[in-house]
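Here is the structure we will look at, set down as structure tokens.
Each residue takes its place number in the sequence, starting with 1.
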Amino acid sequence: MSVVIHHNPDCGTSRNVLDIIRKAGYEPMVIEYLETGWTRPQLLALLAAADLTPRKVLRTTKSPAEELGLLDPSVPDEVLLEKMLEHPVLVNRPIVCTPKGVKLCRPSETVLDLLENWPGGPLCKEDGQIILNENGDRVD
């Protein structure tokens, strides 16, 4: 099964998701989107596949969203999309693609819904929060 993660290595959630994917036995294609940026067709395809809008993936903290005036709900999606192309950091992360679908994987454990195989348990996030118990069952 192929797995693609649009990843920010400085983000704890993104690192957790990448760790879960690898512990499940996959070696994903890692796209560091802050370096590569987005193309309009690529971002539109990801949003459509994940049934998301630019507003739903807008990163509102640790991004220039506020200074660019993008937090106002009246800002149209087309404007958000254009700004996301100019400032890739405006797109929340990580976005994961597998044959099972595409998701913005926040919180980290939502990536499990996209994986055929899960890692064995116990499995914890970087902060120690348990994701899978010792039996490999999801802990929510």
Side-chain angles (χ1 to χ4, degrees):
M1 179 166 90
S2 64
V3 179
V4 176
I5 179 172
H6 297 271
H7 176 62
N8 176 352
D10 294 328
C11 169
T13 301
S14 199
R15 289 191 306 270
N16 284 325
V17 169
L18 182 56
D19 187 54
I20 292 167
I21 293 167
R22 286 183 169 150
K23 285 182 176 169
Y26 303 98
E27 188 48 50
M29 174 186 291
V30 178
I31 299 172
E32 291 189 21
Y33 70 93
L34 293 180
E35 291 180 12
T36 62
W38 302 102
T39 67
R40 183 181 186 80
Q42 174 194 40
L43 191 52
L44 286 172
L46 284 172
L47 294 176
D51 194 28
L52 294 168
T53 64
R55 174 72 55 198
K56 288 181 183 175
V57 298
L58 178 65
R59 184 174 183 203
T60 58
T61 60
K62 299 180 184 174
S63 82
E66 184 173 11
E67 65 192 60
L68 292 170
L70 303 177
L71 300 183
D72 184 328
S74 68
V75 174
D77 280 350
E78 182 59 36
V79 171
L80 295 177
L81 186 67
E82 288 303 318
K83 293 299 180 187
M84 289 172 173
L85 297 174
E86 291 174 31
H87 307 276
V89 71
L90 289 169
V91 178
N92 218 336
R93 73 276 167 240
I95 297 174
V96 177
C97 311
T98 77
K100 291 183 80 173
V102 177
K103 280 190 177 211
L104 171 62
C105 292
R106 298 186 76 80
S108 309
E109 55 272 20
T110 60
V111 73
L112 295 170
D113 299 333
L114 296 175
L115 302 177
E116 293 286 337
N117 303 313
W118 286 12
L123 181 65
C124 299
K125 295 181 183 181
E126 287 181 357
D127 65 3
Q129 180 185 355
I130 298 172
I131 298 172
L132 299 175
N133 66 20
E134 59 279 346
N135 298 323
D137 298 321
R138 195 170 178 167
V139 177
D140 289 319

Handout entry: Gap separating the CG atom of Leu123 from the OG atom of Ser108, nearest 0.5 angstrom
Key = 9.5 Å

Practice task
Look at the side chain of Trp118 and the backbone N and O of Gly136, then say whether any donor-acceptor pair between them is shorter than 3.5 Å.
Solution key: no

Handout entry: Tyr26 with Val102, same ILVMFWY side-chain cluster at under 4.5 Å
Key = no

Practice task
Using modelled atom types only, decide if a donor and an acceptor are shared between the side chain of Asn133 and the backbone of Val139 within a distance under 3.5 Å.
Solution key: no

Handout entry: Spacing of CG belonging to Leu34 relative to NE2 belonging to His7, to within rounding of 0.5 Å
Key = 10.0 Å

Practice task
Find out whether Lys100 and Asp113 are in side-chain contact, i.e. whether some heavy atom of one side chain is under 4.5 Å from a heavy atom of the other.
Solution key: no

Exercise for the section: Examine Leu112 and Val4 and state if one hydrophobic cluster contains both, with Ile, Leu, Val, Met, Phe, Trp and Tyr joined whenever side-chain heavy atoms are less than 4.5 Å apart. Expected result: no

Exercise for the section: Under the side chain to side chain contact (heavy atoms under 4.5 Å, CB included) rule, what do Thr110 and Arg106 come out as? Steps first, then yes or no, please. Expected result: CA-CA 6 Å; Thr110 60; Arg106 298 186 76 80; 5.8 Å; no

Problem - Nearest heavy atoms of Pro94 and Ser14, plus distance in Å - result: CB-OG, 3.5 Å

Exercise for the section: Could you tell me whether a side-chain N or O of Asp19 sits under 3.5 Å from a main-chain N or O of Arg15, the two making a donor and an acceptor? Expected result: no

Fill in the blank from the handout: Rounded to the nearest 0.5 angstrom, the CD1-CG distance for Ile21 and Leu114 is 8.0 Å

Practice task
Locate the shortest heavy-atom distance separating Gln42 from Gly37; write the atom from each residue and the value.
Solution key: OE1-O, 3.9 Å

Handout entry: Ile20 and Leu115: CA distance, side-chain angles, deciding distance, side chain to side chain contact (heavy atoms under 4.5 Å, CB included) verdict
Key = CA-CA 10 Å; Ile20 292 167; Leu115 302 177; 4.2 Å; yes

Practice task
Might you confirm whether atom CG of Leu71 has over 12 heavy atoms from other residues, nucleotides or ligands at distances under 6.0 Å?
Solution key: yes

Problem - Least distance between heavy atoms, Thr61 atom then Arg59 atom - result: O-NE, 3.1 Å

Practice task
Check whether Leu104 and Ile5 end up in the same hydrophobic cluster, where Ile, Leu, Val, Met, Phe, Trp and Tyr are linked by side-chain heavy atoms less than 4.5 Å apart.
Solution key: no

Problem - Other residues, nucleotides, ligands: >12 heavy atoms within 6.0 Å of Glu126 CD - result: yes

Exercise for the section: Kindly say whether Ile95 contributes a backbone atom to a donor-acceptor pair with the side chain of Arg93 at under 3.5 angstrom? Expected result: no

Practice task
Determine whether Val111 and Met29 fall in the same hydrophobic cluster, where Ile, Leu, Val, Met, Phe, Trp and Tyr are linked whenever their side-chain heavy atoms lie under 4.5 Å apart.
Solution key: no

Practice task
Calculate, to the nearest 0.5 Å, the distance between atoms CG and OG1 belonging to Asn8 and Thr13 respectively.
Solution key: 10.0 Å

Handout entry: Test item: Gln129 and Pro107 side chains (from C-beta on) under 4.5 Å apart, heavy atoms
Key = no

Completion exercise
d(Arg55 CZ, Leu80 CG) to nearest 0.5 Å is 4.5 Å

Exercise for the section: Output all residues satisfying side-chain hydrogen bond (donor to acceptor under 3.5 Å, both in side chains) with Asp72, sequence neighbours left out; order by chain, then residue number. Expected result: Ser74

Exercise for the section: Look at the side chain of Asn135 and the backbone N and O of Asp137, then say whether any donor-acceptor pair between them is shorter than 3.5 Å. Expected result: no

Problem - Exam field: side chain Tyr33 to backbone Val91, donor-acceptor pair closer than 3.5 Å - result: yes

Exercise for the section: Walk me through it: do Leu58 and Leu90 pass the test side chain to side chain contact (heavy atoms under 4.5 Å, CB included)? Expected result: CA-CA 6 Å; Leu58 178 65; Leu90 289 169; 4.1 Å; yes

Problem - Expected output: side-chain Arg138 to main-chain Glu109 donor-acceptor under 3.5 Å - result: yes

Practice task
Determine whether Pro119 and Leu132 make a side-chain contact, defined as any pair of heavy atoms from C-beta on separated by less than 4.5 Å.
Solution key: yes

Handout entry: Shared hydrophobic cluster for Val96 and Leu52 (ILVMFWY, side-chain gaps under 4.5 Å)
Key = no

Handout entry: Presence of salt bridge, Lys83 and Glu67, under 4.0 angstrom
Key = no

Handout entry: Any side-chain heavy-atom pair of His6 and Ile31 under 4.5 Å
Key = yes

Completion exercise
The reported gap from OG1 in Thr60 to CG in Leu70 (rounded to nearest 0.5 angstrom) is 10.5 Å

